[in-house]
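Note that the structure is a prediction, hence the values are computed from the model and not measured.
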Amino acid sequence: MSDSNDTLVTEFVLLGFPELCHLHVLLFGAFLTIYMVTLLENVVIIVVVIRASHQLHTPMYFFLANLSVLEILYTSVTVPKLLASLLVLKKTISFSGCLIQLFFFHSLGSSECFLLATMACDRYLAICHPLRYPAIMDPRLCVYLALSAWLGGFLASFVPLVLISRLRFCGPRVLNHFFCDISPLLQLSCSDTTVIELLDFVAALAVLMTSLLGTGISYARILVTVLRIPGGAGRRKAFSTCASHLVVVAIFYTTTIFLYACPQDASSFNFNKLVSVISSDPPA
């Protein structure tokens, strides 16, 4: 009898931003504008890299095009559902839809971590070993590195998703978020989630630490090399090739570490929602 009651919840209600219900139309316009600009600028980057001259067919622009594809998919996993929930009264999502959204959100986020680390290593080779750079970063290696980043992200999220799919949900079914994320979802389970919470924390920490370590070591060596360059013009030129990547790395890792690598109180999701919006729908 208890098993049958455990399977009653087949869909969840996304709570969203109830405290800002009087601003839903304004929020819809703001999020839609940011989302469309994000899509447009990433599509432009992809088209330019594909159709540009041979000068842009370099490892840096190849990885940049991959990052743009990731950004389009990453934002599209959550933002369309957020926009719909701001306009309609019914804010539900099926259990299977919740798992799919959860899997792709975390998989694409993990893949972005690995790809950002790959791009940092690419900048290290280009600046610190310019003569050997063309021979090392040949097209085949670039494809292997990009595929490894994509595959690594999806593999890192697979086991936690399988374990979550086996949990029992007896009610309530109100999810305190605007999309299906692990922490608020686990709060609704009537099963013991200790193992999953620990596994999720370890997996998030492993992804972040490996990618941060690769990024940090690469930029530390870049800094040492650049500081040895005589003349301010040469230093500025070297730093200019890394500036935009450093900004993306800083924003992405700051929000991700706050959300997924820090144990949090189960009831403190309100500020997390704001951070999640910045992470999933970043300003252009």
Side-chain angles (χ1 to χ4, degrees), residues 38 42 45 59-75 77-78 102-129 133 136-137 141-161 181-183 197-226 239 241-264 272 275-276 278-282:
T38 301
N42 283 291
I45 291 174
M60 181 179 71
Y61 290 103
F62 172 75
F63 292 131
L64 182 61
N66 273 268
L67 184 63
S68 294
V69 174
L70 266 175
E71 282 292 331
I72 291 174
L73 297 176
Y74 186 64
T75 56
V77 168
T78 57
L102 176 67
F103 176 65
F104 279 101
F105 181 79
H106 284 274
S107 297
L108 293 169
S110 299
S111 296
E112 187 161 348
C113 284
F114 293 136
L115 188 59
L116 289 173
T118 301
M119 294 175 72
C121 294
D122 171 70
R123 291 298 82 206
Y124 158 71
L125 290 173
I127 294 174
C128 301
H129 302 283
Y133 176 71
I136 297 174
M137 295 297 292
L141 180 60
C142 291
V143 172
Y144 285 159
L145 291 174
L147 288 177
S148 298
W150 283 84
L151 184 60
F154 279 80
L155 289 177
S157 304
F158 181 74
V159 174
L161 178 81
D181 205 358
I182 289 182
S183 295
E197 289 176 357
L198 179 60
L199 179 62
D200 175 58
F201 177 75
V202 171
L205 200 60
V207 170
L208 287 172
M209 290 305 296
T210 53
S211 56
L212 268 176
L213 188 63
T215 303
I217 292 176
S218 297
Y219 275 108
R221 294 186 174 182
I222 288 174
L223 180 62
V224 172
T225 301
V226 170
F239 274 125
T241 64
C242 308
S244 59
H245 181 253
L246 276 173
V247 172
V248 173
V249 166
I251 295 175
F252 182 82
Y253 280 119
T254 300
T255 56
T256 304
I257 289 173
F258 177 85
L259 288 172
Y260 302 113
C262 300
Q264 302 164 20
N272 288 11
V275 179
S276 295
I278 297 173
S279 175
S280 60
D281 196 10

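- Between I136 and L141 the shortest heavy-atom distance is O-CD2, 3.1 Å.
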List, one per line, each side-chain donor-acceptor pair under 3.5 Å for residues 151-160, sequence neighbours excluded.
residue, atom, partner, partner atom, Å
S157, OG, H106, O, 3.4
S157, OG, S107, N, 3.3
S157, OG, G153, O, 3.4

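- Taken to the nearest 0.5 Å, the CG atom of D181 stands 6.5 Å off from the CG atom of L102.
- L73 is linked by a side chain to side chain contact (heavy atoms under 4.5 Å, CB included) to V69, L108, W150, counting only residues two or more places apart in sequence or in another chain.
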*asked:* Quick one, F63 with L145, criterion side chain to side chain contact (heavy atoms under 4.5 Å, CB included). Give me CA distance, side-chain angles, the key distance, then yes/no.
replied: CA-CA 9 Å; F63 292 131; L145 291 174; 4.1 Å; yes
Can you give the donor-acceptor pairs under 3.5 Å from side chains of residues 212-224 to other protein atoms, not counting sequence neighbours?
residue, atom, partner, partner atom, Å
T215, OG1, S211, O, 2.8
S218, OG, G214, O, 2.7
Y219, OH, H245, ND1, 2.5
R221, NH1, Y124, OH, 3.3

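- Under the side-chain hydrogen bond (donor to acceptor under 3.5 Å, both in side chains) criterion, Y144 pairs with no residue at all, not counting sequence neighbours.
- Interatomic distance, C121 SG to L116 CG, rounded to the nearest 0.5 Å: 11.0 Å.
- Rounding to the nearest 0.5 angstrom, the gap separating the OG1 atom in T38 from the CD1 atom in I72 is 9.5 Å.
- Listed by first then second residue, pairs satisfying side-chain hydrogen bond (donor to acceptor under 3.5 Å, both in side chains) with a partner in residues 113-123 read D122-Y133, not counting sequence neighbours.
- Atom CD1 of residue I45 and atom CD of residue E71 lie 9.0 Å apart, to the nearest 0.5 angstrom.
- For the atom pair CE (M137) and CZ (F62), the distance works out to 9.0 Å, reported to the nearest 0.5 Å.
- Atoms CZ and OG, on F105 and S110 in that order, are 10.0 Å from each other to the nearest 0.5 Å.
- Here V202 pairs with L198 under the side chain to side chain contact (heavy atoms under 4.5 Å, CB included) rule; sequence neighbours left out.
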